[in-house]
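I am attaching a structure below and will ask some questions about it afterwards.
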There are 2 protein chains.
Amino acid sequence: MSKRITIKQIAAALHVSISTVSKALNDSYEISEETKKKIQDYAKEHKYKPNTLALSLQNKKTKTIGILLPNILTYYYARVLRGIEEVTTEKGYNIITCITNESYKKEVDTMEMLSNGTIDGFIACISEETLKIGNFDHFKNILEDGTPIVLYDRVHAEINCDKVVTDNIKSAYKATRFLMRSECKNIALISTSEGLDIGKFRVDGYLKALRKYDVIPNEDLIIRYNDEENLKDAINKMLDENKVDGIFTIDEISGAITTQVLNKRNIKIPQEISIIGFTNGILSRYSTPPLTSVNRFAHTTGKVAAKRLIDKIEEKIPFDDIVTEIIKTKLVERDSTKKMFIKF
Amino acid sequence: MSKRITIKQIAAALHVSISTVSKALNDSYEISEETKKKIQDYAKEHKYKPNTLALSLQNKKTKTIGILLPNILTYYYARVLRGIEEVTTEKGYNIITCITNESYKKEVDTMEMLSNGTIDGFIACISEETLKIGNFDHFKNILEDGTPIVLYDRVHAEINCDKVVTDNIKSAYKATRFLMRSECKNIALISTSEGLDIGKFRVDGYLKALRKYDVIPNEDLIIRYNDEENLKDAINKMLDENKVDGIFTIDEISGAITTQVLNKRNIKIPQEISIIGFTNGILSRYSTPPLTSVNRFAHTTGKVAAKRLIDKIEEKIPFDDIVTEIIKTKLVERDSTKKMFIKF
DNA sequence: AATCTTTTAGAAAACGTTATAGTAATAAAT
DNA sequence: ATTTATTACTATAACGTTTTCTAAAAGATT
């Protein structure tokens, strides 16, 4: 237990002033080579490390970014984090990661807590509860203080800042169209009942594709669920009562559960029913059969968000130059859809 | 862009000294009710928030903990993080999360960077590369400085600090025994070839169980792999050349891949071959069939580690009171193993 | 009226650092 | 011989806060 040494202690030990030490350690021309060497050697020997806190207080920059994740157990967010992390590390920034766990209070508290000089900016995804409540004052206040924020994935028009989002409508449109082109006539949709815009956009994309090809949407084929147990029952019921030959699931878990249900009913995928999932994570990759999925570039999303924020922090971009970056998706074809195509 | 207000500005605005403001805001008895109210009102009105950096510099405590994750994409670590996060939040600590991505250099750099007053302690899982290289000086140095560390999951005897680990040998032993009790005679093992102790322990447990019940281990039934593609081939080869009726996989991905291979070969799980996986994450839960798995309590691991560290930081436990907590596992029975049992 | 307490406030030091301004002593230029 | 530069260093303020010590005024006690 030797505790870190400070500049002051070095100064005392070598009978020089603290300014001399500071300058010597920063290799200033004002200090003679001889003295510099003496000080630097001593510092090295005693493993001197400048106190980051003191530096930050001086510079008014902490080189730290606050990250808000709604949920770390969702593979997608873990991958976004990874993307962020890659860029921040490269640029010499630390990140403080906070998981809001979809709670409004946790989100407000966290941002409150960090916006006191601890961080230079935020990268955040709005929690489900916050979106439901519709109060975004905590974001607005922070922006007003001059702290930059980049929102990703789940955003809101009321918050006037940079955003990085997935191309939800178009992706859902394309996935649905893909199913139709591969001979599916009766395409079901599995969605969550939660009122997230993201979900709505994906439903919109699905409906848009149906309409485009003159298919009348059938409400019986659209399932909106709250919890997983309900979902299995709902799918079974739907399959009992309807002819279905294609299913588009709006998130990864839905895709996994749907696959389990079909397998249990011994329905051949994709011969009898095709499935396309959203978000291409490990579940899609490792399920039986591996699922054709809308691949979202989580990693890219993280990187783009981090780059944008750091540019803002370092004032390479003016504070009120606001953009929304749209990250395209890509349909990854695997074994849960048919290979034959109808050309429209 | 109004930028945060400081004590100094309040003092100037109200024509009092900064000490008066500080005391008023801390509700000191030394300040008259009248002055206090005036100052507090002003502070509230201007949304005054104390600068955390300045406070930390004063108190020599940052209320921040550094977390090292080898890899965030592994569901297990994400869950550990969640456990840590829960405790730290409750106790008013922030966490700085860093992903070493299994790199020695990244691990050293990160710890170096954070151990300059930024954090009060570390919760870390040693990276694969570090374990391979076998140099733990960065941990030792930090401990010497009087900064507490709690290691979780992957630990090393050379590092003398608190540890929280999974009961690997026993868990593997029990899983293997479970397979034997459910009539499996030829039990294969899927392991990674990387030289992690954790893997070794699990293999040891497997071997121990076999020996205990007088089964002679068959090297042909033990697969050690590096990359996923190899693994599929290796499993197929093994199944071609050997009679196998049970498989114990040492991690979640191996379990998922094994399941895919068996499904592709149309082998009935568990009627023809039973599978038990290690680490009970989403893959095990959502695969077809859902896998019987050794459930590791990632969440508990995180919580225990965080509690221990905070107790150390707050000096409720002396610095050199070192313990290793062993987190038990629990076999979760699902559909990949048979229900019938032989009692030994 | 003189002294002692209490109340209220402010000054100054401290946390660890950097940056600016200043001060010697010596060397160079006039 | 005097002024000017140069070299090598030190003092001080600053970042935003808390804390300890000091001081003045008001009130209480004799």
Among C:dG10, D:dT18, D:dC9, the nucleotide that comes nearest once only the side chain of B:S19 is considered: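 Selected nucleotide (nearest to the side chain): C:dG10.
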Earlier contact from the 5' end, DNA chain C, for A:N26 and B:A54: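 It is B:A54 whose nearest nucleotide is closer to the 5' end.
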Nearest-angstrom distance from the residue atom CG of B:L25 to C1' of D:dT19: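 Taking atom C1' of D:dT19 as the reference, CG of B:L25 is at 15 Å.
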Aromatic ring pairing B:F139/B:F136, orientation class (parallel under 30°, perpendicular over 60°, tilted between):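 The arrangement is tilted - the two ring planes meet at 30° to 60°.
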Test item: B:I72 and B:Y77 side chains (from C-beta on) under 4.5 Å apart, heavy atoms: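 B:I72 vs B:Y77: side chains apart.
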Any donor-acceptor N/O pair under 3.5 Å between C:dA11 base and B:S17 side chain: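 Result: no qualifying N/O pair found.
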From D:dG16, C:dT8, C:dT17, nucleotide with atom closest to A:L57 side chain: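 Looking only at heavy atoms from C-beta outward on A:L57, the closest nucleotide is D:dG16.
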Salt bridge (charged side-chain N to carboxylate O under 4.0 Å, His left out) between A:D321 and A:K316, worked out: CA-CA 11 Å; A:D321 173 354; A:K316 288 177 189 156; over 6 Å; no
Separation of D:dT18 P from B:I10 CD1 (nearest whole Å):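 Rounded to whole Å, this separation is 11 Å.
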Length of the CD1-P vector between A:I5 and C:dG16, whole Å: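 To the nearest whole Å, that distance equals 12 Å.
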Euclidean distance, atom CD1 of residue A:I18 to atom C1' of C:dA14 [Å, nearest integer]: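 It is 12 Å, rounded to the nearest whole Å.
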Rounded distance (Å) that lies between atom P of C:dT20 and atom CD of A:Q58: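 Spelled out: CD on A:Q58 to P on C:dT20 is 10 Å.
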Phosphate contact (C:dT17 OP1 or OP2) by A:Y48 side-chain N/O below 4.0 Å: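 Yes, such a contact exists.
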Electrostatic pair B:E86:B:R82 at N-O distance under 4.0 angstrom: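 Yes, charged N to carboxylate O under 4.0 Å.
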Length of the NZ-C1' vector between A:K60 and D:dG16, whole Å: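 To the nearest whole Å, that distance equals 8 Å.
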Salt-bridge criterion met for A:K106 and B:E85 (N-O under 4.0 Å):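 Here A:K106 pairs with B:E85 in a salt bridge, since their nearest N and O are under 4.0 Å apart.
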Atom-pair distance (NZ on B:K49; P on D:dT17), nearest Å: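 Interatomic distance, NZ of B:K49 to P of D:dT17: 12 Å.
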Electrostatic pair B:E112:A:K49 at N-O distance under 4.0 angstrom: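 Yes, this pair counts.
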Proximal nucleotide (of D:dT17, C:dT17, C:dA9) relative to the A:T6 side chain: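 Among D:dT17, C:dT17, C:dA9, the one nearest the side chain of A:T6 is C:dT17.
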Mind listing the N/O atom pairs, protein and nucleotides 21-28 of chain C, below 3.5 Å?
from	atom 1	to	atom 2	distance (Å)
C:dA21	N6	A:K23	NZ	3.2

Any B:T35 side-chain nitrogen or oxygen under 4.0 Å from OP1 or OP2 of C:dA9: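 Indeed, a polar side-chain atom of B:T35 lies that close.
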Nearest-nucleotide pick for B:I7, side chain only, options being D:dT17, C:dC15, C:dG10: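 Nearest to the side-chain atoms of B:I7, counting from C-beta on, is D:dT17.
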Proximal nucleotide (of C:dG16, C:dA9, D:dG16) relative to the B:I31 side chain: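 Nearest to the side-chain atoms of B:I31, counting from C-beta on, is C:dA9.
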A:D145/B:R4 ion pair, N-O < 4.0 Å: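 Salt bridge flag = yes for B:R4 with A:D145.
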Under 4.0 angstrom between A:S22 side-chain N/O and C:dT18 OP1 or OP2: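 Checking A:S22 against C:dT18: at least one side-chain N or O falls below 4.0 Å of OP1 or OP2.
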Sugar-phosphate, base or nothing in reach of B:S56, heavy atoms under 4.0 Å: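 Since no nucleic acid heavy atom lies under 4.0 Å of B:S56, the category is nothing.
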d(CG, B:D27; P, D:dT19) in whole Å: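 Value for this atom pair: 14 Å.
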Short side-chain N/O contact to C:dA9 OP1/OP2 from B:T20, under 4.0 Å: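 Answer is no, no contact under 4.0 Å.
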A:K105/A:E129 salt bridge by N-O under 4.0 Å criterion: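 Here A:E129 does not pair with A:K105 in a salt bridge, since their nearest N and O are not under 4.0 Å apart.
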